[in-house]
> 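Pasting a structure below so you can have a look.
Lettering of chains follows the sequences in order, A, B, ..., and the numbering in each one begins at 1.
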There are 2 protein chains.
Amino acid sequence: MASLGELERAVMDLLWAGHEAATANTLRDMLAQSTAAQGGAAGHEGKDLAVTTVLTVLSRLEKKGLVERERGTRPHRYQAVSSREDHTAELMHEVLGSAPDREAVLARFIGSVTESEAETLRKLLGHS
Amino acid sequence: MASLGELERAVMDLLWAGHEAATANTLRDMLAQSTAAQGGAAGHEGKDLAVTTVLTVLSRLEKKGLVERERGTRPHRYQAVSSREDHTAELMHEVLGSAPDREAVLARFIGSVTESEAETLRKLLGHS
DNA sequence: CGTTGTTTTCTACGCAACGTAGAACATCAA
DNA sequence: TTGATGTTCTACGTTGCGTAGAAAACAACG
């Protein structure tokens, strides 16, 4: 239960955009943002969706544990449970986890990262 | 187009099992193996599937580019295009690739590998 | 308190992927 | 030719996702 659809991903992108600010978004905020983003690079722009559509998606994302909703306030407020980076890293672990020979996978994996990323990794791994 | 269903994965596991041996499998081989594996640990065991079911799955896997089939020989022979490790590593790159801040993701990723794996990574990354 | 605009829930349709397999066609061995 | 075996075609049921209407819950105003 890890993969997201196109619209689900677009909604998560909205939430992730403001994840730092710990600013939980209302539905109306999000719709405004998404309409404003018209003409942006990302994939899902073009038509405006019905309010209920976004709500349905948010509910599904909540059920998947990716979104948290404050039910206390009256216009409910939504926010991503974890940052995009954390989520992606978690996904990578999920993929890796299902492998019997993790180290062999890692070997091939680092075999095709860019040199600059390899450099970053060296720094992060530090000295033995 | 990256994710596999449960049965698709089970079939790939069969093919991956003998990927080293460059031994392309016939359908009958695979059915025998899968029946033999009854009582094994993996998830999908329990009932025997119809021959056509496995064939359909193989066709779908072929369309996805994960399986190659020799059409020349009469009982066709099937084999995984790449090893399980390569495939998993590729998947990890796919997940990573969609991130705007790859290095931040990598940072979090290596933050939660086991020490032994970190050691392996250090060796593989080698000297600057 | 009732009318009205906003927000949330419930329900549902269409489509695609996947598990599943029957029916029919092709091929090989006797 | 006749079985036995292998392959293709087609299809049905389920589930996830994009999409949204209808209706219920609620807030604010007069």
> Hydrogens and angles aside, do A/His76 and A/Thr26 bring a side-chain donor and acceptor to less than 3.5 Å of each other?
no

> Enumerate all atom pairs, one protein N or O and one N or O from nucleotides 23-30 of chain D, separated by less than 3.5 Å.
none

> Would you mind telling me which residue lines up with the more 5' stretch of DNA chain D, A/Ser3 or A/Thr53, judged by nearest nucleotide?
A/Ser3

> Please give, in whole Å, the distance from C/dA16 P to A/Leu7 CG?
17 Å

> Taking the side chain as every heavy atom from C-beta outward, state whether A/Leu14 and A/Asn25 have any pair of such atoms under 4.5 Å apart.
no

> Pull out every protein N or O sitting under 3.5 Å from an N or O of nucleotides 3-6 of chain C, one pair per line with the distance.
none

> Rounded to the nearest Å, what distance is computed from the CG atom of residue A/Asp48 to the C1' atom of nucleotide D/dA20?
13 Å

> Round to the nearest Å and state the distance from A/Arg9 atom CZ to D/dC17 atom C1'.
14 Å

> List the steps, then state whether salt bridge (Lys or Arg N to Asp or Glu O under 4.0 Å) holds for A/Arg71 with A/Glu62.
CA-CA 12 Å; A/Arg71 284 192 144 85; A/Glu62 194 190 9; 3.2 Å; yes

> Output all residues satisfying ring pair (Phe, Tyr, Trp, His ring centres under 6.0 Å) with B/Tyr78, sequence neighbours left out; order by chain, then residue number.
none

> Can you figure out which of D/dA20, D/dG18, C/dG19 approaches the side chain of A/Glu6 most closely?
D/dG18

> Can a side-chain donor-acceptor contact be found between B/Glu103 and A/Ser116 if the only test is distance below 3.5 angstrom?
yes

> Are B/His76 and D/dG6 close enough that a side-chain N or O sits under 4.0 Å from OP1 or OP2?
no

> Quick one, which residues of residues 55-71 of chain B touch DNA chain D with a heavy atom under 4.0 Å?
B/Leu55, B/Arg60, B/Arg69, B/Arg71

> Output the rounded distance in Å from CD (B/Glu8) to C1' (C/dT20).
12 Å

> Between P on D/dT7 and CG on B/Leu31, what's the gap in Å once rounded to a whole number?
11 Å

> Answer yes when B/Arg60 and B/Glu8 have at least one side-chain N-carboxylate O distance shorter than 4.0 Å, and no when they do not.
no

> Do B/Ser59 and B/Arg69 meet the criterion of a side-chain donor-acceptor pair at a distance under 3.5 Å?
yes

> Go through the structure and list residues passing side chain to side chain contact (heavy atoms under 4.5 Å, CB included) with A/Ala104, not counting sequence neighbours.
A/Asp101, A/Arg108, B/Glu85

> Do A/Arg122 and A/Glu115 meet the salt-bridge criterion of a basic N to acidic O distance under 4.0 Å?
yes

> Quick one: closest heavy-atom pair of A/Ile110 and B/Leu125, and the distance?
CD1-N, 4.0 Å

> B/Leu49 side chain: which of C/dT7, C/dA21, C/dG19 is closest?
C/dA21

> Any ring pair (Phe, Tyr, Trp, His ring centres under 6.0 Å) involving residues 5-25 of chain A? Give me the pairs, sequence neighbours left out, ordered by first then second residue.
A/Trp16-A/His87

